[in-house]
Peer 1: 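Could you have a look at this structure, given as C-alpha cells, before my questions?
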Amino acid sequence: VYNEFLANPLAVLEKDTSSVLRKEEKQFQLLVSIFVAVLIFLVGQPLASFAIDSYVGEKERGTYDSIRLSGVEIFQFILGKTIFTVSIGIISGALQLTTALAGLWYFKGSFGVETYVDNVPMLTLTVVLTICISLAMLVAILIYLSTYFEKVRDAGTYATIGTLIFTLLTQVSNVADHVALDYLPLFNINQMILNNAHGSATVFPLLVSVLLGCITVAILTQMSVLKLRSKE
C-alpha cells in the first residue's frame with residue numbers, strides 16, 4: 001500500500017475517500033430505514049385500533065344499525081371512518097415526525113446529515129406524500145378486515161399483526177433491488193426519501209406511487225362497501 005501511495009498518491013486518496021463515503025452512506029441509509037419503520041409502527045399501531053374498530057366495534061356496541069337507520073349510506077360510513085382515522089394518523093405522525101426531525105437537526109453535526117440532505121423542499125414533499133398514502137392504505141386494509149369480525153377482541157390481535165406486516169413491507173427495498181419497486185407506493189419508501197433528499201429527485205415514481213396508492217385505497221373501500229352490503 002505504501003509503494004502504491006508513493007507511485008500515485010492522488011488515486012489512493014480518492015479511493016480511500018470514496019470507500020469512507022460509501023460506508024457513511026450505508027450507515028445513513030440504515031438510520032433512515034430504522035426511522036421510517038419505527039415511525040410507521042408507532043403511528044400505525046394506535047391507528048390500527050381506530051381502523052379495526054370501524055365496523056366490528058359499531059356492530060358490537062349496537063350502534064351500527066342506528067347509524068344505518070339514520071340514513072347514512074354504507075359508502076358514507078366507510079368514507080367517514082377512513083377520513084377520520086387517516087386524519088388522526090396524520091396529526092399523530094406530524095407531531096412525532098416534527099419532534100424527531102427537530103432532534104435530528106439539533107444533532108446533525110454528529111450524524112453528518114447535511115451531506116445527504118440538499119433538497120429540503122423535495123424531501124418534505126416526499127415524506128408528506130408517502131406517509132399520507134401509506135396511512136391511507138393501512139387504514140383501508142384494516143377497515144376491510146374489520147368487516148370479517150364479530151368481536152373487537154378478536155379483531156385487535158389481527159390489527160397488531162397487520163401493522164407489523166405493513167411495517168416490514170416498507171423495508172422490502174433494503175433486501176431487494178428492482179426497478180418495479182421505484183413505482184410501488186409501499187415497498188420503496190426509504191429509497192424514495194433518500195433519493196429526493198440528495199438531489200436526484202424521483203418526481204415521476206413518486207407521482208406514480210401516490211396514484212397507485214389512491215387506486216388501492218379506492219378498491220379496498222369499494223370492497224368494504226360490498227362486504228357490508230352482503231352482510232345486510
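When a residue number appears, it is its place in the shown sequence, counting from 1. Just so it is clear, the structure is predicted and the values come from calculations on it, not from any experiment.
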Peer 1: Of all heavy-atom pairs between S224 and I78, which one has the smallest distance, and what is that distance?
Peer 2: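 For S224 and I78, the tightest heavy-atom pair comes out as CB-CD1, 4.1 Å.
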
Peer 1: Just by modelled atom types, is the F149 backbone N or O under 3.5 Å from a matching donor or acceptor in the K59 side chain?
Peer 2: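 Pair absent, no side-chain N/O of K59 close to backbone of F149.
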
Peer 1: Between atom OG1 of T147 and atom CZ of R229, what is the distance when rounded to the nearest 0.5 Å?
Peer 2: 13.5 Å

Peer 1: Is it the case that one hydrophobic cluster holds both F75 and V72, taking links as side-chain heavy atoms less than 4.5 Å apart, direct or via other members?
Peer 2: yes

Peer 1: Is the shortest side-chain heavy-atom distance between I133 and C214 below 4.5 Å?
Peer 2: yes

Peer 1: Honestly curious: do V139 and I161 fall in one hydrophobic cluster under the side-chain, below-4.5 Å linking rule?
Peer 2: yes

Peer 1: I need the I215 CD1 to L220 CG distance, nearest 0.5 Å.
Peer 2: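 Going from the CD1 atom of I215 to the CG atom of L220 covers 12.0 Å.
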
Peer 1: Rounded to the nearest 0.5 Å, what's the gap from CG on L206 to CG on L211? Could you check?
Peer 2: 11.5 Å

Peer 1: Between CZ of F50 and OG of S87, what distance do you get to the nearest 0.5 Å?
Peer 2: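 Separation between the atoms: 11.5 Å.
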
Peer 1: Is it true that I83 and M223 fall in one hydrophobic cluster, defined by side-chain heavy atoms closer than 4.5 Å?
Peer 2: yes

Peer 1: Decide whether L226 and I143 are clustered together by the hydrophobic rule: side chain heavy atoms of Ile, Leu, Val, Met, Phe, Trp, Tyr closer than 4.5 Å, transitively.
Peer 2: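 L226 and I143: separate clusters.
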
Peer 1: One pair to check against side chain to side chain contact (heavy atoms under 4.5 Å, CB included): L79 and T221. What are the steps and the verdict?
Peer 2: CA-CA 8 Å; L79 185 62; T221 300; 5.6 Å; no

Peer 1: Starting at CG of L47, measure out to CD1 of I52 and round the result to the nearest 0.5 Å.
Peer 2: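 Reported to 0.5 Å precision, the distance equals 11.0 Å.
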
Peer 1: Are V128 and L125 connected, step by step, through hydrophobic side chains (Ile, Leu, Val, Met, Phe, Trp, Tyr) whose heavy atoms are closer than 4.5 Å?
Peer 2: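 Looking at the clustering, L125 is in a separate group from V128.
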
Peer 1: Do any N or O atoms from the side chain of S54 and from the backbone of A51 form a donor-acceptor pair under 3.5 angstrom?
Peer 2: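 Checked: pair present.
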
Peer 1: On a heavy-atom basis, which atom in L135 and which in I90 lie closest, and how many Å separate them?
Peer 2: CD1-N, 3.8 Å

Peer 1: To the nearest 0.5 angstrom, please state how far the OG1 atom of T63 sits from the CZ atom of R68.
Peer 2: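 Taking OG1 in T63 and CZ in R68, the distance rounds to 13.0 Å.
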
Peer 1: Does the pair L228 and Y64 meet the rule for a side chain to side chain contact (heavy atoms under 4.5 Å, CB included), with working shown?
Peer 2: CA-CA 11 Å; L228 291 186; Y64 176 75; 3.8 Å; yes

Peer 1: Should we say atom NZ of K231 is surrounded by more than 12 heavy atoms from elsewhere, each under 6.0 Å from it?
Peer 2: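 For K231, atom NZ is crowded (more than 12 foreign heavy atoms under 6.0 Å).
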
Peer 1: Taking S146 for the side chain and D53 for the main chain, is one N or O donor matched with an acceptor at less than 3.5 Å?
Peer 2: no

Peer 1: Suppose we call two aromatic rings close when their centres sit under 6.0 Å apart. Are Y55 and F77 close by that rule?
Peer 2: no

